[in-house]
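Okay, structure first, notes after.
Computed over heavy atoms, backbone and side chain alike; hydrogens, waters and symmetry mates excluded. Bear in mind the structure is a predicted one, so any value in this text is a computation, not a measurement. Counting starts at 1 for both ligands and their atoms, in listed order.
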Amino acid sequence: MKAVVVDSYTDIDRVVLKDVPIGDLAPGSVRVRVRAVGIGFVDGLKVQGLYQTKDPLPFIPGTEFAGEIDAVGDDVTGHAIGTPVMGMARSGALAEYIVVPAGAVQPLPAGVSAEVGASFRANYLTAHYALTERAKLRAGEQMLVLGAAGGVGTAAIQLGRILGARVIAAASTAEKRRFAMDLGADAAIDYTRPDWRDELKTLTGGHGCDVIVDPVGGPVSLDAFRSIAWNGRHLVVGFAAGSIPALPFNLPLLKGGVLMGVDLAQVPRREPDAYQRVTTDLFRLLSEGRLEPAVGRVFAFAEFREAFKMLAGREALGKVVVRVSA
Ligand SMILES: NC(=O)c1ccc[n+]([C@@H]2O[C@H](COP(=O)([O-])OP(=O)(O)OC[C@H]3O[C@@H](n4cnc5c(N)ncnc54)[C@H](OP(=O)(O)O)[C@@H]3O)[C@@H](O)[C@H]2O)c1
């Protein structure tokens with residue numbers, strides 16, 4: 001099969017498509033014919049060996065995928081060959097086939113495309129868990145989303161609206177702010193302007209932000225925390241800007257706000273009930289058509305490098321997808 005293979009941690013330009021053997025169908029596993037793969041900011045970090053955990057070399061990148069069941073292990077029940085599914089793995093998705101534990105895939109709800117299925121898990125689970133289980137977002141609260149046109153940002157906008165919040169989208173370009181508004185944000189703000197906190201204050205009617213979704217990091221995180229409402233919750237999701245801000249401890253004291261970490265990777269193990277609640281609710285929203293994940297550019301398999309470059313270049317709108325096969 002054809003697969004994207006990372007032989008050494010390196011720049012994406014040096015990574016190539018190769019012919020590799022299809023993985024063995026281990027007990028308890030299923031093989032999926034991959035149709036589409038969602039690419040996130042993290043995938044680019046993993047290729048370069050810059051992520052907090054390193055995949056042993058060589059490895060096939062790509063975590064979120066959709067396709068259909070191609071083969072099932074002898075001991076696996078409940079997975080029929082040909083069933084459209086979506087799933088998530090630690091790596092291995094940017095390939096024509098992936099072998100995963102049977103529990104790592106779920107049927108794709110009727111009418112949901114492979115591109116949407118591959119865009120769904122990481123960002124929407126993260127945003128839903130962050131908003132409901134961590135921040136306990138309440139209807140009517142004011143929510144600020146940093147990096148609002150990105151993968152996590154778009155998920156947070158859509159889920160924030162569904163949960164009844166007033167959503168303010170912060171993004172760096174007019175095109176991104178328009179994209180965020182089209183997804184349902186109530187207001188948009190240019191957080192690259194030095195005086196953006198003044199505008200934010202006006203937009204919240206002087207109240208400040210009850211919940212801040214922060215996948216960006218860097219100096220804007222500190223600006224945002226300074227604009228938090230009393231009893232506000234600042235959700236630390238990621239550091240796409242490339243630097244980890246250091247929060248002076250007097251700020252939580254003065255502002256009465258709380259800094260909350262969000263790490264989806266640990267949730268299934270540490271909070272299995274919460275993970276189940278969030279997953280069940282997301283699949284319900286998707287199946288009922290109440291949630292339509294924001295798919296951005298879709299690249300052909302041979303153009304996989306462009307998908308990574310789009311994320312690294314701060315150009316992505318919604319989730320970037322690689323179409324592996326027709
Ligand atoms: N904690 C978790 O469980 C979890 C789960 C998923 C993702 N994450 C993390 O969340 C972060 C965002 O992931 P994503 O997939 O949403 O990424 P994304 O689609 O690329 O969005 C990130 C946004 O960050 C902003 N940004 C600011 N400076 C940037 C820079 N130098 N380069 C790139 N973007 C920059 C961009 O918005 P503007 O141009 O508008 O500033 C961009 O839209 C990553 O750090 C990722 O590791 C964490």
Side-chain angles (χ1 to χ4, degrees), residues 12 37-48 50-53 61-64 88 90 118-131 133-135 144-159 168-181 183 185 188-193 196 212-221 223-224 234-245 259-271 274-275 278 282 293-297 307-321:
I12 193 70
V37 178
I39 308 295
F41 195 84
V42 172
D43 295 306
L45 297 180
K46 285 182 174 178
V47 168
Q48 297 172 78
L50 297 177
Y51 192 55
Q52 52 215 23
T53 56
T63 59
E64 284 183 88
M88 207 152 108
R90 184 189 157 82
S119 301
F120 181 57
R121 299 281 296 253
N123 294 337
Y124 287 82
L125 281 174
T126 301
H128 198 319
Y129 169 77
L131 294 176
E133 300 288 337
R134 298 296 273 158
L144 172 69
V145 182
L146 306 181
V152 173
T154 50
I157 292 174
Q158 291 177 299
L159 288 166
I168 301 170
S172 65
T173 68
E175 185 190 22
K176 289 184 174 188
R177 292 191 289 279
R178 213 168 25 248
F179 185 76
M181 293 295 288
L183 281 174
I189 187 166
D190 178 357
Y191 67 169
T192 64
R193 285 173 43 162
W196 74 282
I212 299 167
V213 179
D214 184 358
V216 175
V220 296
S221 298
D223 283 348
H234 186 134
L235 295 157
V236 180
V237 180
F239 310 102
S243 65
I244 298 176
L259 199 63
M260 288 179 161
V262 176
D263 184 5
L264 182 68
Q266 298 191 55
V267 181
R269 182 170 51 90
R270 292 187 182 271
E271 293 182 77
Y275 190 74
V278 167
L282 273 177
V295 178
R297 279 279 298 276
F308 286 80
K309 286 185 198 170
M310 187 167 222
L311 286 158
R314 201 173 171 173
E315 292 165 18
L317 298 174
K319 185 85 179 183
V320 176
V321 172

| task | Could I get the full list of side chain to side chain contact (heavy atoms under 4.5 Å, CB included) partners for A241, not counting sequence neighbours? | result | V216
| Which atoms form the tightest heavy-atom contact between A274 and Y129, and what is the distance? | CB-CE1, 4.4 Å
| Do you know which two heavy atoms are closest between P215 and L146, and how far apart they sit? |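 Scanning both residues completely, I find the closest heavy atoms to be CD-O, 3.2 Å.
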| remark: Distance col, row D43:CG vs E64:CD, nearest 0.5 angstrom, shows 8.0 Å
| note | Applying side-chain hydrogen bond (donor to acceptor under 3.5 Å, both in side chains) to S221 and not counting sequence neighbours gives D214
| query | Got a sec, which residues hit ring-ring contact (aromatic ring centres under 6.0 Å, His included) with H128, two or more places apart in sequence or on another chain? | reply | none
Table of N or O contacts for ligand 1, cutoff 3.5 Å:
from	atom 1	to	atom 2	distance (Å)
ligand 1	1 (N)	V237	O	2.8
ligand 1	1 (N)	V262	O	2.7
ligand 1	3 (O)	L264	N	2.8
ligand 1	15 (O)	F41	N	3.4
ligand 1	16 (O)	G151	N	3.2
ligand 1	16 (O)	V152	N	2.8
ligand 1	19 (O)	G151	N	2.8
ligand 1	32 (N)	A240	O	3.4
ligand 1	39 (O)	S172	OG	2.6
ligand 1	39 (O)	K176	NZ	2.6
ligand 1	39 (O)	R314	NE	2.8
ligand 1	40 (O)	S172	N	2.8
ligand 1	40 (O)	S172	OG	3.4
ligand 1	41 (O)	Y191	OH	2.5
ligand 1	41 (O)	R314	NE	3.3
ligand 1	41 (O)	R314	NH2	2.9
ligand 1	45 (O)	F239	N	3.2

